[in-house]
Amino acid sequence: METTKVNERIFLSSPHMSDEGYEMEYVKEAFDTNWIAPLGENVNGFERELAEKVGSKAAAALSSGTAAIHLALRAAGVGEGDIVFCPTLTFSATANPIIYQNATPAFIDSNYETWNMCPKALEEAFQKYPEVKAVIVVHLYGLSADMDRIVELCKKHNVVLIEDAAESLGTYYKGKHTGTFGDYGIFSFNGNKIITTSGGGMLVSNNEEGIAKARFWATQSRDQARHYQHSELGFNYRMSNVVAGIGRGQLKVLDQRVEKKNYIYEFYKRELGELEGVQFMPSNDWDAPNYWLSSMTLTGKVRPIDIFKTLEAENIESRPVWKPMHMQPFFEKYDYVGTDVSEKLFENGVCLPSDTKMTEADLEKIVETIKKLWCE
Ligand SMILES: *Cc1c(COP(=O)(O)O)cnc(C)c1O
């Protein structure tokens, strides 16, 4: 196992290429054949291999997870003035594409059982906005949302479900991969995700026509013609063949990364779980999380800010839980359905360093540094 060198910063979650050099082999192949761009065998291979891994019929490799959400919304027919339900507790990339489509988000609260979209709040939102066009659900930090209830509600109301599984590649809900429950699922390979291509995303679906359409939009909507002809608005959203090569290599070590993230979570829970006021992110028996970020809430005398400061002094990165969208200056004008669960999770939440390159010594150092706060 590699070691983090003395005085090197410990990150929340940073790129971790395989020890075997799988990524370089695929990238080298692209170089050797001069097939750097645009598409090529790595793109096709990455789409095929990821679809197979998660159990989806089809996949489109794109330039980012955000682009994948954008095209999922377009495929769902979301347009000007349409209402889209979106969890409030998430990264802004979940919500931004709703605005790209000139649609209107309505933000939905979390529950404590999952930290994700609260089915009761979702039901309430359906009463309030029966005309809603689509629902986006997120699997935060690799914990799956309550999919049985959310899928059932979306079916009942005949609404398209999009799963933002950007943080949950490798997570299973009742034995099935997150990202494959909805009409469309998306993954991200941004630098801090469980596997990375330096930047990139994937749209998955069992609707092969929808995926073909997404590929068409992602390559500037070029009609079948000798000349350049466009009958629809296009985007430049495709993944390059070099980037896809990194993804193919990373996919080979996904299970190893999930295993390490699980180890990190168990380590923290064992070492910190009994401290006064500490509550770890929820675990449900339906869930096999990838534990992308190990997170906890603090409701005792030690506050999140104490943790951030004391870790930063040791050159260790940690972070608050996502600030809810309905509290963001840009999004606060939109409606919000729920109580104060997401606000409390934001107020009390801490994301602990969850980098898979951490050594046993790193983990020891982190928990010792944190534990001291309870001795003061
Ligand atoms: C990272 C992330 C995204 C966006 O993915 P990019 O590839 O960075 O565009 C979307 N949603 C969530 C919840 C994320 O964490």
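In each ligand, atom 1 is the first atom listed, and ligand 1 is the first ligand listed. Please read all numbers here as calculations on a predicted model, not as lab measurements.
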### Query
Given side chains that start at C-beta, do those of L363 and T359 come closer than 4.5 Å, heavy atoms only?
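Heavy-atom side-chain distance check fails, nothing below 4.5 Å.
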### Query
Is ligand 1 under 4.0 Å from a heavy atom in the side chain of D164, in the backbone, in both, or in neither?
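The side chain, only.
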### Message
Counting only heavy atoms closer than 4.0 Å, does ligand 1 sit against the backbone of I186, its side chain, both, or neither?
### Response
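Within the 4.0 Å criterion, I186 makes no contact with ligand 1.
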Looking at ligand 1, does any of its N/O atoms fall within less than 3.5 Å of an N/O of [X]?
{"X": "W292", "answer": "no"}
{"X": "T66", "answer": "yes"}
{"X": "G65", "answer": "yes"}

Using a 4.0 Å cut-off to any heavy atom of [X], which atoms of ligand 1 qualify?
{"X": "G200", "value": "7 (O)"}
{"X": "T94", "value": "11 (N), 13 (C)"}
{"X": "T90", "value": "13 (C)"}
{"X": "S188", "value": "1 (C), 5 (O), 6 (P), 7 (O), 8 (O)"}
{"X": "A93", "value": "3 (C), 4 (C), 10 (C)"}
{"X": "A166", "value": "2 (C), 3 (C), 10 (C), 11 (N), 12 (C), 14 (C)"}
{"X": "S64", "value": "7 (O), 9 (O)"}

Within the 3.5 Å criterion, strictly below it, is a donor on [X] or [Y] matched to an acceptor on the partner's side chain?
{"X": "K261", "Y": "S13", "result": "yes"}
{"X": "K357", "Y": "S14", "result": "yes"}
{"X": "H230", "Y": "S221", "result": "no"}

### Task
Say whether G199 and ligand 1 are in contact under the criterion: heavy-atom distance to a ligand atom below 4.0 Å.
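No; G199 lies far enough from ligand 1 that no heavy-atom distance drops under 4.0 Å.
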### Message
Students should be able to answer this: which protein heavy-atom is nearest to atom 2 (C) of ligand 1, and at what distance?
### Response
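Going by distance alone, atom 2 (C) of ligand 1 is nearest to K193 NZ, 3.0 Å.
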### Query
More than 12 foreign heavy atoms under 6.0 Å from CD of E274: is that the case here?
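Incorrect, the count does not exceed 12.
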### E52 CD: over 12 foreign heavy atoms closer than 6.0 Å
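Not buried by this count: 12 neighbours or fewer within 6.0 Å.
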### Donor-acceptor contact present, side-chain Q279 to main-chain T297, <3.5 Å
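No; zero donor-acceptor contacts below 3.5 Å.
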### Message
Testing S318, P320, P304, S295 one by one against C351 for a side chain to side chain contact (heavy atoms under 4.5 Å, CB included), which residue passes?
### Response
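That would be S295; it is the only one of S318, P320, P304, S295 passing the side chain to side chain contact (heavy atoms under 4.5 Å, CB included) with C351.
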### Task
Flag the pair W286 / Y173 as yes when their ring centroid distance falls below 6.0 Å, and as no otherwise.
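Yes: the rings meet the under 6.0 Å criterion.
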